Amino acid sequence: MNLKTEISRLVSRAVESAVRDGAFDDIFGDIDPKVEYPREMKFGDYSTPIALESARLLRRSPMEIATGLARYIGTDPRMSSIEVVKPGFINMFLSTGFLYDNLKEIVRLGADYGSSSKQTPRRINIEFVSANPTGPLNIVSARAAAVGDTIANLMEFAGDVVDREFYVNDYGNQVSLLGRSVLARIREQKGESVEFPEDGYHGAYIADIAAHIAEDYEREMSAIAGEDELVDFLALKAIEYNLAGQRRDLEEFNVRFKTWFSERTLHEKGSVNETLDLLEKANGVYADEGKSMFRSTDYNDDKDRVLVRDDGRPTYFLADIAYHREKFERGYDLAIDIWGPDHHGHITRLLGAMKSLGFDGKRLNILISQQVNLLMEGETVKMSKRLGQFSTMRDLIDEIGVDVARYFFVMRSLESHLDFDLTLAKKESSENPVFYLQYAHARICSLFREAEKRGMTYDPSSADPAYLDNEESILLMKHLAKFPEEMEDAAEKCEPHRVATFLMKVAQAFHKFYTEHRILTDDRAMSVTYLLLCDAVRTVMANGLTLLGVSAPDQM
RNA sequence: GCGCCAGUAGCUCAGUGGAUAGAGCAACGGCCUUCUAAGCCGUUGGUCGCUGGUUCGAUCCCAGCCUGGCGCGCCA
């Protein structure tokens with residue numbers, strides 16, 4: 001259990017005891033004790049406004065309640081003091097003894113510090129990126145990749161079992177459009193004059209794919225008789241080619257999917273039709289001019305949505321319902337989807353359909369990752385696949401590297417529209433926030449190398465907490481103690497940017513500490529104590545950077 | 001017209017209904033004979049879009065406006 005949770009338990013128990021003693025009315029026990037971080041250090045490390053919140057209910061003054069309750073919180077070994085202040089806050093201060101013990105705990109646990117294990121871990125499926133297999137991944141996909149993977153990391157760290165999944169849209173109109181675009185390019189390359197399909201894929205990469213396929217599958221292609229069959233074949237090969245490229249880029253971005261789920265298989269094994277039957281049984285479907293409609297207006301949608309067209313072809317919506325049904329039937333307790341902003345309108349209807357099928361809506365959590373505005377020299381770059389300039393994830397990786405890219409995508413909250421200025425990201429690469437974090441880690445590694453060079457033995461058991469009784473050390477230790485709860489919070493709320501914000505605070509506190517205190521000196525006991533602190537900082541930085549998918553270098 | 005997201009320092013953005021609203025970058029001024037200066041310290045910088053409401057207390061919740069972006073397909 002993390003520190004913050006333990007402290008709110010402490011307050012809860014105090015309330016219980018106080019009520020039992022008759023010090024307060026029974027209704028006091030109904031109040032959920034909030035524990036928060038005070039804005040200022042002089043107000044302690046944790047604070048509860050419970051007395052302010054319950055004053056009206058108890059018909060007593062906040063100060064009176066706070067003073068009465070503080071007595072029951074009493075002396076806890078983790079606290080150095082508990083104060084009751086002005087309007088009625090109860091402020092709690094962590095003891096340096098506890099913080100010091102925690103330091104040793106951090107070093108002992110290493111990569112496990114901050115992680116938790118659950119008695120009954122949730123099985124979670126997180127689906128993200130899921131770009132169309134019609135070309136290379138773009139910047140929006142890159143953001144989704146960074147965000148989704150970090151959320152997955154956080155949830156695994158919090159003790160759940162997480163599967164990363166990529167949904168492959170290898171079915172429908174655009175697939176044959178892709179096939180026809182490739183066919184047109186192949187014929188063009190043979191010198192035939194062809195009309196390029198309307199709404200076809202014009203990108204230069206299509207020509208590359210066409211050339212590859214024409215070379216690799218010459219024999220197979222000549223054996224195919226009909227034009228439609230040829231288009232199907234080419235579409236399939238083009239998808240394979242694109243998927244391989246997407247997978248390669250994602251792996252280089254430190255993102256590995258467990259499952260690449262093909263939409264086509266849903267249609268082939270009848271799961272789509274089966275889903276329609278189930279929706280009909282749930283009375284969610286009616287016929288309208290030869291179409292099957294879903295009553296999504298029963299679930300707050302603006303209008304009912306088509307499931308099957310009048311020519312009998314299922315819509316993407318129906319397949320999507322089948323897909324999410326399939327996910328739940330695979331036994332996941334929670335399915336998380338990360339969608340682009342252009343899909344937000346689909347949330348209501350999909351949730352409605354899942355509820356109609358009898359699934360608990362809480363099992364599906366759809367997150368919207370807002371758009372990315374790509375800037376160069378402060379100017380917006382239009383994201384067209386035809387323009388070759390920095391529109392792909394591959395270009396981004398080549399240009400600024402995985403560490404910088406992943407950090408930039410995750411440092412902002414999901415909902416905020418992200419301005420990504422490439423010129424700035426590149427130009428400022430030496431003063432980039434991500435280097436600030438990595439530098440803290442590298443600096444500590446360097447300290448240990450230097451200590452070894454000087455023949456100092458690092459034996460934490462000979463450390464002496466008395467040396468840590470200074471402002472910089474204490475602040476640093478306090479941050480380190482909050483790592484587990486901050487990460488748990490980030491996981492629970494699906495807010496990966498909290499990791500970046502937290503690490504920034506730790507790095508800041510460390511750089512300050514480093515400047516103020518000389519670590520390697522003739523005072524061996526002091527050196528060892530400081531090294532212990534540094535070791536703990538290094539552990540937390542490494543664990544946090546790993547969650548972000550960013551490397552923690554030994555030297556820079 | 002409807003829906004979603006955003007509006008906080010010059011720029012990019014954090015901020016759990018609580019106490020004197022923060023960081024990075026940019027600007028300016030300091031700090032390396034000693035463990036990594038990719039660092040530290042200081043200064044400048046704010047009607048938290050506007051107007052009401054809810055309450056002991058609102059940047060945060062609610063309503064209505066204003067501005068910007070995105071979406072409103074039987075494409076995926």
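None of the values given here were measured: they were computed from a predicted structure. To find a chain, count down the sequence lines: A is the first, B the second, and so on, and within it residues start at 1.
A search for side chain to side chain donor-acceptor pair (under 3.5 Å) contacts involving A:Glu64 returns A:Arg60, not counting sequence neighbours. Partners of A:Ala536 according to the side-chain contact (heavy atoms from CB on, under 4.5 Å) rule, which considers only residues two or more places apart in sequence or in another chain, are A:Leu103, A:Ile106, A:Val107, A:Leu480. Annotation: salt bridge (Lys or Arg N to Asp or Glu O under 4.0 Å) contacts of A:Arg412 (sequence neighbours excluded): none. For A:Asp311, the side-chain contact (heavy atoms from CB on, under 4.5 Å) test picks out A:Arg309, A:Arg313, with sequence neighbours left out. By the salt bridge (Lys or Arg N to Asp or Glu O under 4.0 Å) test, A:Glu488 pairs with no residue at all, sequence neighbours left out. Under the ring-ring contact (aromatic ring centres under 6.0 Å, His included) criterion, A:Phe261 pairs with A:Tyr323, sequence neighbours left out.
Residue-level contact check: A:Arg449 touches the bases, meaning some heavy atom is under 4.0 Å from a base atom. Using a 4.0 Å heavy-atom cutoff across all strands shown, A:Ala442 reaches at least one base atom of the nucleic acid. Contacts of A:Phe317 with the nucleic acid, taken as non-hydrogen atoms under 4.0 Å apart, are absent. Using a 4.0 Å heavy-atom cutoff across all strands shown, A:His346 reaches at least one base atom of the nucleic acid. At a threshold of 4.0 angstrom between heavy atoms, the contacts of A:Glu263 are confined to the sugar-phosphate backbone, with no base atom among them.
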Which nucleotides of nucleotides 11-21 of chain B have their base under 4.0 Å from a protein heavy atom (B), which only their sugar-phosphate (S), and which neither (-), written as one string 5' to 3'?
-BSSSBSBBBS
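Each of B:C70, B:A76, B:A38 was ranked by its minimum atom distance to the side chain of A:Pro341; first place goes to B:C70. Minimum atom distance to the side chain of A:Tyr436 is reached by B:G39, of the listed B:C5, B:G39, B:A76. Among the nucleotides B:G39, B:C35, B:A38, the one closest to the side chain of A:Met556 is B:A38. Of the candidate nucleotides B:C75, B:C4, B:A38, B:A38 has the atom nearest to the side chain of A:Tyr439.
In this structure, A:Phe513 places its CZ atom 11 Å from C1' of B:C35, rounding to the nearest Å.
For B:C32, the glycosidic angle deviates from 0 by 90° or less, giving a syn base.
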Can you list, pair by pair, the side-chain donor-acceptor contacts under 3.5 Å of residues 513-520 of chain A, counting residues two or more places apart and other chains?
| unit_1 | atom_1 | unit_2 | atom_2 | d |
| --- | --- | --- | --- | --- |
| A:Thr515 | OG1 | A:His511 | O | 2.8 |
| A:His517 | ND1 | A:Tyr530 | OH | 3.3 |
| A:His517 | NE2 | A:Asn470 | OD1 | 3.3 |
| A:His517 | NE2 | A:Glu472 | OE1 | 2.9 |

In dot-bracket form, 5' to 3', how is RNA chain B paired? Count Watson-Crick and G-U wobble pairs only if both distances fall under 3.5 Å, and write | where the partner sits on another strand.
(((((((..((((....[...)))).(((((.......))))).....(((((..]....))))))))))))....
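Rounded to the nearest Å, the gap between the C1' atom of B:A23 and that of B:U8 is 13 Å.
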